[in-house]
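Comments concern the structure below.
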Amino acid sequence: MAENKSYFFCGIGGSGMLPLAMIVAARGAAVAGSDRSRDQGRSADKFHWIESRGIALFPQDGSGVAAGQTLVASAAVEDSVPDVAAANRLGLPRLTRAELNAAMFNEAGRAVGVGGTSGKSTVTGMIGWILDRAGANPTVMNGAVMRNFADDQTPFASALVGDPATYVSEVDESDGSIALYQPDVAVVTNISLDHKSLAELHRLFGDFAAKARVAVVNADDPESAPLLAGGNVLRFGFSESAAMRGSDFEALPDGCRFKVHFAGDTHAAVLRMPGRHNAANALAAIAAARALNIPVARSVEALADFAGLARRYEVLGQANGVTVIDDFAHNPDKVAATLAAVAELPGRALLFFQPHGYGPLRQMGRELAASFARGMRPGDRLFVCDPVYFGGTVDRSMGSETLVADIVAGGGDAVHVPVRADCGTTMVQESAPGDRILILGARDDTLTEFGRELLEKLASRA
C-alpha cells in the first residue's frame, strides 16, 4: 500500500471499515468515504468525529467518488449502489475491506491474526494492550472500540496505529476472507455454527492455523479438536491438555480471577471483565503474546488493567437499583457465553434481543433459540423485537416470531414485541431493584443509545 494512494470507503462507519480507514489515513494515504447510516441521520457523533480526523465524507450517491481513487467496499455491496456504479463508470480498482487489511497484515514481520466464532474482538484488544504495555508499539485492527485506547479525542478507538511491522488484527471467516491472511501467529478462539457450516469452518480455520509459525488453539473446544494435531500448536484453556492452562476460576462482582499455569510456573490473574469465557479469552491472548516472547507474568500484569471493549458486557450504568448492560451477543455461542456470565451472579435478568438480520435467523435461528432457552434461568425474561433492516432485497418471510416460538417451546420465557421502543418501555415498567437489563444484538450502533435511553427512563421513574 503506497502512501500516496487515494481510497474511497463505501460504508466507512462500519465496525470493520472505520478502523481500517484510520490506519490507512495515518499511513499517509488520502481517505474519503460515505455511509448509508450518515445519510439516514444515525450515529451523528461518530461521523462528526471521522470528519474531524481530516476524512471527507459524502452522501452515498456517487458524488464523492473521483478519478485516481481505489474503492473499498464489502464484497456484498451490489453494483447498483451509487458509489459502486460511479466507480465502475470511472474504471476504478476495487478492494474489499479484507483485501486491503490483509495486504498490510501480510507485510508485517510480526502479524497476529485472531479468528474464531466468538471472542476474537476481545482477544485482539487484549493482545494489543499487552503488546502496548510491553513497549512493542503495535498496530491493531479491531472490530470494536478498545476502551483502554479511547479518550475524549479518540472515542471510537477500534484501531491503534503503531509500528507497521507488528500488526494485530481480527480476521473474518464469515465471508471466507480469513484465507487471505498469512499469520506469523494464528489464534483460533473457538469454532461453532454462525455464518457457515461446520465443515466449511473446519477447513477455513484449519488452513489458517497451518500457515502460522505458532497456532494458538482452544483445547476446551470440541470443534477445534481437528486443529490440535498440528506441530505448531500452542494449546490454551482450562483442560489438562492445555499448555497455557487456567484453573481455580472465581466470579467476582466486578470481574473474575483465576490462575494461569505455563512451563511449570503459576500466576494469579485478575480481570475487570466477568465470565469464564473472558478468562479463556485472556489465556488465548497470553499464549499469543508468549509466542511473541512476551513473558507470561508481564501479560498477566497488563490484563489486570484491561478495561474491555465497547458492547462486550459493558455496564452502561445503574439507576434505581437496576443495572443496564450493553452486549454484542448475536449468535448461539456468544449468547451462551453472555448468559453464563449473567448466571454467575444473583439477580433477575431482563433481556432484550434485536436479531442482526433476517438471513441469520434462517441460518441459525433454531440454534440461537436453544442457546437462549438453555441459558435463561427461572425468572429471567426475554423481549425480542423485529430484526434490524436497512433495506435491500433480503427474504423477510422468517422473523422474530419464529425465534420466540422456538425459545418458548424450549422452556424459556420470551415474548415478541415488534417495535424496539415498546420493548424498552415494558422492561422499564417490569424492572425492580437488583435486576439487570441486558441489551443484546449486533450491526446497529443505536443499540447503545437505546440502552442509555433506558437508563434515563429508570432514573426518572418515581
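A donor-acceptor pair is defined here as one N or O able to donate and one able to accept, closer than 3.5 Å; such a pair exists between the side chain of D221 and the backbone of I191. No side-chain donor-acceptor contact under 3.5 Å links R276 to the backbone of E250. The backbone N or O of S121 sits less than 3.5 Å from a side-chain atom of N142, completing a donor-acceptor pair. In this structure, the side chain of S37 does not engage the main chain of R42 through any donor-acceptor pair within 3.5 Å. Side chain of E430 to main chain of M427: no donor-acceptor pair is present (N/O by atom type, distance under 3.5 Å, no hydrogens or angles). Between the N278 side chain and the P274 main chain, a donor and an acceptor come within less than 3.5 Å of each other. Listed for the R381 side chain is no donor-acceptor partner under 3.5 Å among the backbone atoms of A349. Panel note: side chain D35, backbone G13; a donor-acceptor pair is recorded below 3.5 Å. Side chain of K334 to main chain of H330: no donor-acceptor pair is present (N/O by atom type, distance under 3.5 Å, no hydrogens or angles). In this structure, the side chain of D163 does not engage the main chain of P138 through any donor-acceptor pair within 3.5 Å.
Shortest non-hydrogen contact noted between I12 and G33 is CD1-CA, 4.2 Å. Heavy atoms only, all atoms of each residue included: G308 and M273 are closest at CA-SD, 3.9 Å. When all heavy atoms of A459 and A319 are compared, the closest pair comes out as N-CB, 3.7 Å. Residues A442 and F328 approach most closely at CB-CE1, 3.5 Å, considering heavy atoms. Contact record, N190 with S118: OD1-N, 2.9 Å, taken as the closest heavy-atom pair. Of all heavy-atom pairs spanning Q60 and D39, the tightest one is N-OD2, 2.8 Å.
In this view, R366 satisfies the side-chain hydrogen bond (donor to acceptor under 3.5 Å, both in side chains) rule with no residue, not counting sequence neighbours. Judged as a side-chain contact (heavy atoms from CB on, under 4.5 Å), and not counting sequence neighbours, the contacts of A215 are A209, V217, N232, V233. For F208, the ring pair (Phe, Tyr, Trp, His ring centres under 6.0 Å) test picks out no residue, with sequence neighbours left out. T266 pairs by the side-chain hydrogen bond (donor to acceptor under 3.5 Å, both in side chains) definition with H261, not counting sequence neighbours. Taking the side-chain hydrogen bond (donor to acceptor under 3.5 Å, both in side chains) definition, one finds that T338 meets it with D327, sequence neighbours left out. With sequence neighbours left out, the ring pair (Phe, Tyr, Trp, His ring centres under 6.0 Å) criterion links F258 to no other residue. Contacts of F8 classified as ring pair (Phe, Tyr, Trp, His ring centres under 6.0 Å), with partners at least two apart in sequence or in another chain: none. With sequence neighbours excluded, no residue forms a side-chain contact (heavy atoms from CB on, under 4.5 Å) with E456. Considering only residues two or more places apart in sequence or on other chains, F58 meets the ring pair (Phe, Tyr, Trp, His ring centres under 6.0 Å) condition with none of them.
Counting non-hydrogen atoms of neighbouring residues, nucleotides and ligands closer than 6.0 angstrom, the NZ atom of K259 reaches no more than 12 such neighbours. Sparse packing is recorded around CZ of R257, with 12 or fewer heavy atoms of other residues, nucleotides or ligands lying under 6.0 Å away. Applying the 6.0 Å contact sphere to CZ of R348 captures more than 12 heavy atoms from other residues, nucleotides or ligands.
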CA sep, side-chain torsions, deciding dist, call: L403, V384, side chain to side chain contact (heavy atoms under 4.5 Å, CB included): CA-CA 9 Å; L403 175 67; V384 183; 4.2 Å; yes
Verdict with supporting geometry, S177 and R97, side chain to side chain donor-acceptor pair (under 3.5 Å): CA-CA 9 Å; S177 62; R97 177 200 62 79; 4.7 Å; no
Derivation and outcome, side chain to side chain contact (heavy atoms under 4.5 Å, CB included), residues S299 and V296: CA-CA 5 Å; S299 295; V296 172; 5.6 Å; no
Side chain to side chain contact (heavy atoms under 4.5 Å, CB included) assessment of F236 paired with I286: CA-CA 9 Å; F236 73 91; I286 294 167; over 6 Å; no
Candidate pair L351 and F383, rule side chain to side chain contact (heavy atoms under 4.5 Å, CB included), full reasoning: CA-CA 6 Å; L351 306 159; F383 299 82; over 6 Å; no
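Taking the side chain as every heavy atom from C-beta outward, L303 and L271 approach each other to under 4.5 Å. With a 4.5 Å cut-off on side-chain heavy atoms, R245 and F262 do not count as touching. Using a 4.5 Å cut-off on side-chain heavy atoms (C-beta onward), M104 and T139 make no contact. Between I325 and I437, every side-chain heavy-atom pair lies at or beyond the 4.5 Å cut-off. Within the 4.5 Å cutoff, the side chain of S169 has no heavy atoms near those of the T124 side chain. Counting only heavy atoms from C-beta outward, the side chains of F353 and L368 approach each other to under 4.5 Å. Put simply, the side chain of H356 does not reach to within 4.5 Å of the side chain of P387, judged on heavy atoms. The shortest side-chain heavy-atom distance between V114 and M141 does not fall under the 4.5 Å cut-off.
The OG1 atom of T446 sits 10.5 Å away from the CD atom of Q40 when rounded to the nearest 0.5 Å. Rounded to the nearest 0.5 angstrom, M364 CE and D333 CG are separated by 11.0 Å. With rounding to the nearest 0.5 Å, the separation of CG in D435 from CG in L350 is 5.0 Å. Atom CG of L131 and atom CG of L292 lie 6.0 Å apart (nearest 0.5 Å). Rounding to the nearest 0.5 Å gives a distance of 7.5 Å between OG of S192 and CG of L198. For the atom pair CG of D406 and CD of E367, the computed distance is 10.0 Å after rounding to the nearest 0.5 Å.
Side-chain contact, N101 with Y167: a donor N or O sits under 3.5 Å from an acceptor N or O.
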Counting only pairs under 3.5 Å, give me each side-chain donor-acceptor contact of residues 47-55, with atom names and distances, residues two or more places apart or in other chains.
| from | atom 1 | to | atom 2 | distance (Å) |
| --- | --- | --- | --- | --- |
| W49 | NE1 | Q153 | O | 2.9 |
| S52 | OG | W49 | O | 2.5 |

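The ring-ring contact (aromatic ring centres under 6.0 Å, His included) pairs that include a residue from residues 416-456 are F352-F450, where partners are two or more places apart or lie in different chains. Screening residues 299-314 for salt bridge (Lys or Arg N to Asp or Glu O under 4.0 Å) gives R133-D305, R311-D326 as the qualifying pairs, with residues at least two apart or on separate chains.
Between D444 and R420, at least one side-chain N (NZ, or NE/NH1/NH2) sits under 4.0 Å from a carboxylate O, which counts as a salt bridge.
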